[in-house]
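Everything on this sheet refers to the single structure shown next.
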2 protein chains.
Amino acid sequence: MRIGELSARTGASRRSLRYYEEQGLLVSSRSPSGQRHYEDEHVQRVRLVQAFLAAGMSSGTIVEMVPCMTEPSEDRARQALEIMGRERARLSEAIDGLAAARAALDHLIEDNHAYLTRSADDEA
Amino acid sequence: MRIGELSARTGASRRSLRYYEEQGLLVSSRSPSGQRHYEDEHVQRVRLVQAFLAAGMSSGTIVEMVPCMTEPSEDRARQALEIMGRERARLSEAIDGLAAARAALDHLIEDNHAYLTRSADDEA
DNA sequence: CTAAAAGCTCACATTGATGTCAGGGGCAAG
DNA sequence: CTTGCCCCTGACATCAATGTGAGCTTTTAG
């Protein structure tokens, strides 16, 4: 498939897909005229990249964890494991932070609700 | 307390504290010479703002939810409730997204571990 | 063949919280 | 008084992913 279809299937803009490639997150074969061509498996690749970007990872971090343009090697693998461990911890902390923010929000919602309820009582 | 102490207590930089005030997220009384003075309760306020910012909310959103410079009113309260509901949903989705990313990461970690284990076996 | 639709590269703009620097007061202790 | 430390405002810089537009080529459909 070409870039438009990959974009449609993943929701990533054409611009973003070219950017991913520029950052080494995605590879493409090129037709003689220079157009990018992708296989079905690249859909999953893009989804993975999207998930990690949405999780607040930088493209540099992702490329260190899940390279697609470098040879696999034990050294790389070990380094990747270390980074993945750090990112995993970061994600867990982020999740906790979001949960705490949600709890705070719930508290505020309750307060606000109580305030409106009281106002309604005043009217009655 | 003055801005330096509030900064030390919350971890927010002086720059950020001034920015919060500029955005209507924080109030301060001023000494005759123009220096900001805060009360103990402002520490909690800053922590709330930090939690919400870290949760990906914009300062504009926060100020609509938890204003500190506008009169409370029922209309505001109702609007705030609506926004809070939206933000709560967004947070829940974000949490799910992070959890999914973490799960994907766990999968990759396992793969990587298996790869290294196999390499070690090769050596043996 | 021709026109529309899709691709390509290059380059500049945007967003939002924060960093940083400049130039100038304020205030306490020696 | 002066030295040192904190504060003030205002302006410009940063980062990272993405948007956008120009100018040009390729592919596809009628």
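All chains are named by letter (A, B, ...) in the order of the sequence lines, taking the proteins before the strands, and each is independently numbered beginning at 1.
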>> Heavy atoms only, 4.0 Å cut-off, all strands: where does B:Ser59 land among base, sugar-phosphate and nothing?
In response: sugar-phosphate

>> Which nucleotide wins on minimum distance to the side chain of B:Leu53, given the candidates C:dG25, C:dA17, C:dA11?
In response: C:dA17

> Starting at CD of B:Glu22 and ending at P of C:dA17, how long is that distance when rounded to a whole Å?
Replying inline: 11 Å

> A:Arg76 versus A:Glu64: any side-chain heavy-atom pair under 4.5 Å?
Replying inline: no

>> With a cut-off of less than 4.0 Å, is there a side-chain N or O of A:Ser16 near OP1 or OP2 of D:dT18?
In response: yes

>> Without decimals, in angstroms, what is the distance between B:Ile3 CD1 and C:dG26 P?
In response: 17 Å

>> Set out, in order, the CA-CA distance, both residues' side-chain angles and the distance that settles salt bridge (charged side-chain N to carboxylate O under 4.0 Å, His left out) for A:Glu82 and A:Arg86, then state yes or no.
In response: CA-CA 6 Å; A:Glu82 191 185 328; A:Arg86 267 204 293 276; 3.2 Å; yes

> If you find the nucleotide of DNA chain D closest to A:Ser58 and the one closest to B:Arg14, which residue's nucleotide is nearer the 5' end?
Replying inline: B:Arg14

>> Can you tell me whether the side chain of A:Arg2 and the base of C:dG7 have a donor-acceptor pair closer than 3.5 Å?
In response: no

>> I need the CD-C1' distance between A:Gln23 and D:dA17, as an integer number of Å.
In response: 9 Å

>> Whole angstroms only, please: what is the CD1-P distance between B:Ile62 and C:dG16?
In response: 13 Å

>> Without decimals, in angstroms, what is the distance between A:Leu17 CG and C:dG7 P?
In response: 10 Å

>> Please pick, from C:dG26, C:dC8, D:dT9, the nucleotide with the shortest atom-to-atom distance to any side-chain atom of B:Gln35.
In response: C:dG26

>> Could you check whether the side chain of B:Arg18 and the base of D:dT9 have a donor-acceptor pair of N or O atoms closer than 3.5 Å, going by distance alone?
In response: no

>> Run B:Arg30 and B:Glu21 through salt bridge (charged side-chain N to carboxylate O under 4.0 Å, His left out) and show every step you take.
In response: CA-CA 12 Å; B:Arg30 299 295 189 107; B:Glu21 181 171 329; 3.2 Å; yes

>> It should be established whether B:Arg15 places a side-chain nitrogen or oxygen under 4.0 Å from OP1 or OP2 of nucleotide D:dA13.
In response: no

> How many angstroms lie between atom SG of A:Cys68 and atom CD1 of A:Ile62, to the nearest 0.5 angstrom?
Replying inline: 11.0 Å

>> With a cut-off of less than 4.0 Å, is there a side-chain N or O of A:Tyr20 near OP1 or OP2 of D:dT18?
In response: yes

> What integer distance in Å separates B:Tyr19:OH from D:dA11:P?
Replying inline: 17 Å

>> Whether A:Ser33 contacts C:dG7 is assessed here as follows: a side-chain N or O lying under 4.0 Å from the phosphate OP1 or OP2. Is that the case?
In response: no

